[in-house]
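Indexing begins at 1, ligand by ligand and atom by atom, following the structure's order.
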Amino acid sequence: MQVVILAAGQGTRMRPLTESRPKPMLPVADRPLVAHTVDAAVDAGASELVIVVGYEAEAVRSYFGEQYRGVPVTFAVQQSQQGTADAVRAASEYLDGPFAVLNGDNLYDPESIETLLSSGPALATVRVADPSNYGVISVEDGRVTGIVEKPDDPPTDRANTGAYVFPAKAREWLDVPESERGEYEITDVVARVIEAFDVTPVELDRWLDVGRPWELLEANEWKLAGLERRLDGDVSDEGDLRGSVVVEDGATVESGVVIEGPALIRSGAEVGPNAYIRGATLLGEGTHVGQSVEIKNSVIMAETSVPHLSYVGDSVLGRQVNFGAGTKVANLRHDGEDVRVTVKGERVSTGRRKFGVVVGDGVKTAINTSLNAGVVLSEGARTTPGESVTRDR
Ligand code: TTP
């Protein structure tokens with residue numbers, strides 16, 4: 001079956017991390033976010049991948065190329081990001097039968113994708129505690145009977161996960177009217193399909209929509225937890241690596257380093273001497289974590305340095321960031337409230353008691369900078385020595 005992967009979005013809620021890369025290419029464990037979904041589709045027997053690209057398309061194109069794991073890849077270009085139905089419309093000229101659609105910024109459990117792809121017209125759902133923020137699915141006698149967007153009074157606890165198998169006929173129904181929020185939505189296509197076809201609900205065991213920076217941490221927590229211990233790099237005998245730690249070939253771990261898994265140290269990374277890495281932490285390619293630095297439950301992207309005397313907790317650091325000696329991140333509020341972050345101009349609760357900072361590419365902090373919990377630093381931002389940063393910049 002042809003599988004359409006939606007990867008054209010601008011990822012505005014993920015800024016500044018998506019300032020110069022598409023959200024689907026953000027790192028989740030050992031590969032980009034979208035590759036987890038594509039791999040699940042390939043494992044489930046996809047005959048062709050039709051990847052819809054738009055925003056920062058080149059990064060997606062060059063990662064997958066014309067063939068990916070032996071499966072042909074076609075790129076459909078969505079000129080402007082006008083919604084998910086519009087994205088599938090961009091792909092429709094390449095489709096010639098029933099087809100699946102998956103969101104390129106969602107993590108699905110791979111076994112359920114296999115079930116989905118072999119279920120005829122189907123829609124993947126997941127049970128959630130508060131369905132009012134989702135498309136909510138009604139089911140009767142083993143078939144989908146309704147879909148309603150973000151209802152005040154949800155009829156069920158089944159959320160739509162953006163994973164579908166459509167009959168070929170659905171290609172004729174992609175010209176939906178504009179929605180209230182000014183987009184062309186795939187859920188309006190689904191509403192038509194369930195009137196005309198028996199659509200099977202496939203319940204996912206696990207699912208994550210990666211829209212905001214702390215969800216990138218959750219995605220890494222999920223995928224790093226599945227790592228099997230492997231020490232291929234240059235690891236000092238005087239290091240202490242506990243649990244599921246992966247040190248890739250070409251990475252160096254010097255003496256006095258303690259790493260508590262799950263943790264992934266990618267090729268070209270240099271750790272230590274005397275560093276402490278714990279929680280689900282990803283150190284990207286070519287990163288440097290040095291003397292007396294503690295990193296906990298964080299994503300540190302490629303070529304970033306935290307060279308001396310720093311603490312980084314529950315944070316996401318972009319590429320080519322440099323933390324001056326003594327830079328410290330606060331990741332807990334003393335009033336016990338969940339940490340809040342500004343997303344598209346609005347203060348939003350992360351739902352986490354512990355959350356640190358979000359740091360855009362190329363940021364440099366001066367010595368002894370202290371960064372308050374929930375602070376977002378945009379690409380290229382600078383701090384001054386001894387500065388206490390309590391507001392985004
Ligand atoms: P969204 O998460 O709704 O949009 P986004 O990724 O642009 O993020 P944000 O809201 O933060 O700006 O998108 C859901 C999926 O659909 C995601 O995989 C991106 C994809 N998409 C497109 O391919 N084209 C589009 O026009 C839109 C809106 C989304």
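Distance CG/L283 to NE2/H288: 11.0 Å, rounded to 0.5 Å.
Using a 4.5 Å cut-off between side-chain heavy atoms of Ile, Leu, Val, Met, Phe, Trp and Tyr, with links allowed through other members, V299 and V357 fall into different hydrophobic clusters.
Using cut-offs of 30° and 60° for the angle between ring planes, the F355 and W214 rings count as perpendicular.
Within 4.0 Å of ligand 1, counting heavy atoms only, the contacting residues are L6, A7, A8, G9, Q10, G11, T12, R13, K23, Q78, Q81, Q82, G83, T84, A87, N103, G104, D105, E183.
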**Request:** Determine, step by step, whether Q10 and T12 satisfy the side chain to side chain donor-acceptor pair (under 3.5 Å) criterion, reporting the C-alpha distance in whole Å, the side-chain angles of both residues, the deciding distance to 0.1 Å, and the verdict.
**Result:** CA-CA 5 Å; Q10 296 196 36; T12 49; over 6 Å; no
Check your understanding: Between T365 and T327, does a side chain to side chain donor-acceptor pair (under 3.5 Å) hold up when you go through it step by step?
Key -> CA-CA 7 Å; T365 64; T327 296; 2.8 Å; yes
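Under 3.5 Å, the side chains of T342 and R347 contain a donor-acceptor pair of N or O atoms.
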